[in-house]
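This report concerns only the one structure given below.
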Amino acid sequence: MDSRAAGVRGNLTRQLANAAMGRSDVISLWFGEPDVATPDFIRQAAIDSLNQGETFYTEGLGRMFLREALSSYLRKLHSAGPSPERIAVTVSGGNAINLAFQCVLREGDQVVTPTPAFPNLQSIPALQGAQVQTVPMHYGPQIGWQLDINRLVEACATARAVLVNSPSNPTGWVQSRDDQLALLAASRRYGTWIISDEVYSRIYFDGPVAPSWVEIAEPEDRVLIVNSFSKAWAMTGWRLGWLTAPTSLMPTLERIIEFSISSAPAFTQRAATQALTDGEPFIAESVARYRHNLDTIEEVFAGVPQIRFLRPPATFYAFFEVEGVRDNLDYAARMMNEAGVGLAPGTTFDPHAHSWFRLCFAQSPARLQSALQRLQDFWQAE
Ligand SMILES: Cc1ncc(COP(=O)(O)O)c(C=O)c1O
């Protein structure tokens with residue numbers, strides 16, 4: 001019998017991007033990361049830490065100074081927040097998702113999650129033996145992406161865990177507080193675990209932070225909250241994140257961290273602490289740049305008749321439809337080869353999104369302008 005890993009779907013965007021690696025003629029907008037390096041003040045904290053010889057194992061749940069910094073960062077940002085004891089430092093958001101599922105899944109359990117979605121959100125529980133079921137979101141040209149919350153609430157009766165990614169990659173959809181409360185009530189009623197992936201919580205255009213489960217979950221609610229330093233502080237290559245869990249789960253979490261990563265590196269934890277303490281101006285500047293880029297995209301797309309696009313309230317992704325496209329893999333390959341622009345095909349996120357594409361606009365305005373000009377020329381010539 002094949003291993004579970006043999007049955008897990010590969011990432012379609014990765015396959016395309018591999019073909020373009022090293023090609024200077026392609027402007028790549030397929031991956032979800034800012035095109036700027038991590039700010040100097042964050043890098044310097046890591047350099048200082050290394051120079052001081054902080055090269056040893058650390059505590060399994062992370063350095064207490066970082067867990068305390070995370071707790072006070074969250075409490076400042078939200079009306080409430082977890083104590084440091086309920087926060088585990090992880091080596092990335094992806095690692096936090098893996099740990100969250102390892103903590104709660106039993107063999108054959110059902111996990112339910114909305115789509116379109118970042119593909120890892122289905123692959124990670126599948127790799128751990130879960131039966132993953134999806135709840136498709138609906139798209140209306142005037143209202144954007146909508147989730148039928150009743151379907152998720154109903155799913156709580158049988159599912160072991162519900163995974164929600166808000167703000168969502170790729171759609172930018174944001175879950176409302178009312179929907180969160182409905183789901184929390186269902187979790188309390190049925191004992192279902194809620195895993196909330198909030199890695200884009202700071203890339204939000206309607207306020208300092210998107211509605212978070214941090215604000216509503218009590219310390220013993222069955223809620224696990226995933227976050228990451230990757231997106232908001234431009235630290236994708238550092239591999240650092242955190243997981244907020246109920247108090248009673250922390251000993252389990254500590255045990256299983258020992259079996260995989262043992263502990264996050266000391267010097268990256270110093271850098272992360274600096275990011276939390278001094279990073280607000282960087283986040284504000286980044287969000288202002290993304291808002292400006294979104295204005296540009298909206299303007300350009302409005303002039304292309306075959307494009308359907310609605311401005312998202314969060315994230316640095318434009319998820320849009322090109323009317324008439326049937327095979328988005330072939331079309332993405334053509335955009336790469338003929339226009340010189342790399343976009344992620346929609347079927348990476350949803351097997352039915354054959355005419356959809358995701359563009360990451362965490363770019364310098366000049367780079368984005370060049371990419372949009374190339375796309376406009378390509379669409380005009382069609
Ligand atoms: C929705 C979502 N969750 C988690 C991650 C993982 O982020 P990282 O592992 O870099 O912290 C990503 C990265 O693209 C993402 O889009």
Side-chain angles (χ1 to χ4, degrees), residues 11-14 17 28-38 42 62 66 70 87-102 111 113-127 132 134 137 145 147 161-175 194-204 210 212-213 224-244 257 260-261 264-265 268-269 271-272 275-276 279 290 312-319 342-344 346 348-350 358-362:
N11 186 318
L12 295 174
T13 305
R14 171 62 69 182
S28 68
L29 308 179
W30 28 46
F31 292 130
E33 61 183 348
D35 72 340
V36 295
T38 308
I42 300 177
L66 174 53
L70 279 164
I87 301 173
V89 176
T90 63
V91 292
S92 77
N95 175 231
I97 299 167
N98 271 281
L99 290 167
F101 280 117
Q102 282 171 0
V111 169
T113 194
T115 51
F118 177 50
N120 301 22
L121 302 185
Q122 287 168 61
S123 302
I124 292 170
L127 201 47
V132 181
T134 56
M137 296 182 67
W145 290 93
L147 174 69
V162 169
L163 169 60
V164 179
N165 167 222
S166 164
S168 151
N169 170 13
T171 62
W173 165 83
V174 173
Q175 191 173 40
I194 307 294
I195 300 178
S196 174
D197 176 342
E198 304 187 2
V199 307
Y200 296 99
S201 59
R202 299 303 308 276
I203 320 288
Y204 185 54
S212 167
W213 284 79
L224 289 152
I225 307 168
V226 170
N227 218 319
S228 169
F229 287 91
S230 287
K231 313 291 177 177
W233 294 274
M235 292 176 74
T236 48
W238 293 71
R239 315 312 299 134
L240 208 64
W242 72 92
L243 180 62
T244 303
I257 285 176
S260 52
I261 60 160
T268 57
Q269 296 190 64
L276 292 171
Y290 302 152
T315 75
F316 42 51
Y317 302 117
F319 195 51
L343 299 183
T348 305
F349 313 98
D350 179 341
R358 189 196 74 178
L359 177 160
C360 172
F361 57 82

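Counting starts at 1 for both ligands and their atoms, following the listed order.
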*Do any N or O atoms from the side chain of T38 and from the backbone of A234 form a donor-acceptor pair under 3.5 angstrom?*
yes
_Non-hydrogen side-chain atoms of T171 and F349 separated by less than 4.5 Å_ = no
_Protein contact to atom 9 (O) of ligand 1 [nearest heavy atom, distance to 0.1 Å]_ = R239 NH2, 2.8 Å
_Among all the protein's non-hydrogen atoms, which is closest to atom 5 (C) of ligand 1, and how far away is it?_
F118 CE2, 3.6 Å
*Kindly compute the distance separating CG (N169) from CZ (F316), expressed to the nearest 0.5 Å.*
8.0 Å
_atom 3 (N) of ligand 1 - nearest protein heavy atom and its distance_ = D197 OD2, 2.5 Å
*Give the contacting part of Y200 toward ligand 1: side chain, backbone, both or neither, where contact means a heavy-atom distance below 4.0 Å.*
side chain
*Give the atoms of ligand 1, by number and element, whose distance to some non-hydrogen atom of V199 is under 4.0 Å.*
2 (C), 3 (N), 4 (C), 15 (C)
*Looking at side-chain heavy atoms only, is the closest gap between N165 and L121 below 4.5 Å?*
yes
*N165 heavy atoms, cut-off 4.0 Å: which ligand 1 atoms fall inside?*
1 (C)
*Distance filter under 4.0 Å to S228 heavy atoms, resulting ligand 1 atoms*: 8 (P), 11 (O)
*Taking only residues two or more places apart in sequence or in another chain, which ones pass salt bridge (Lys or Arg N to Asp or Glu O under 4.0 Å) with R202?*
E280
*asked:* Would L121 count as a polar contact of ligand 1, with the cut-off being nitrogen or oxygen pairs under 3.5 Å?
replied: no
_Counting only nitrogen or oxygen atoms and a 3.5 angstrom limit, does Y317 reach ligand 1?_
no
*Parallel, tilted or perpendicular: which fits the ring planes of F319 and W145, with parallel below 30° and perpendicular above 60°?*
tilted
*Note the single closest protein heavy atom to atom 6 (C) of ligand 1, along with its residue, its atom name and the distance in Å.*
G94 N, 3.8 Å
_Below 4.0 Å, non-hydrogen atoms only: which portion of S92 touches ligand 1? Side chain, backbone, both or neither._
both
*Pair T236, E33: side-chain N/O donor-acceptor within cut-off below 3.5 Å*: yes
*Check whether any N or O atom of S230, backbone or side chain, sits under 3.5 Å from an N or O atom of ligand 1, and answer yes or no.*
yes
*Q122 versus T113: any side-chain heavy-atom pair under 4.5 Å?*
yes
*Which residue holds the protein heavy atom closest to atom 14 (O) of ligand 1, what is that atom called, and what is the gap in Å?*
K231 NZ, 2.7 Å
*Answer yes or no for E33: is there a heavy-atom contact with ligand 1 below 4.0 Å?*
no
*Mind telling me whether Y200 and Y317 have parallel, tilted or perpendicular rings, with 30° and 60° as the class edges?*
perpendicular
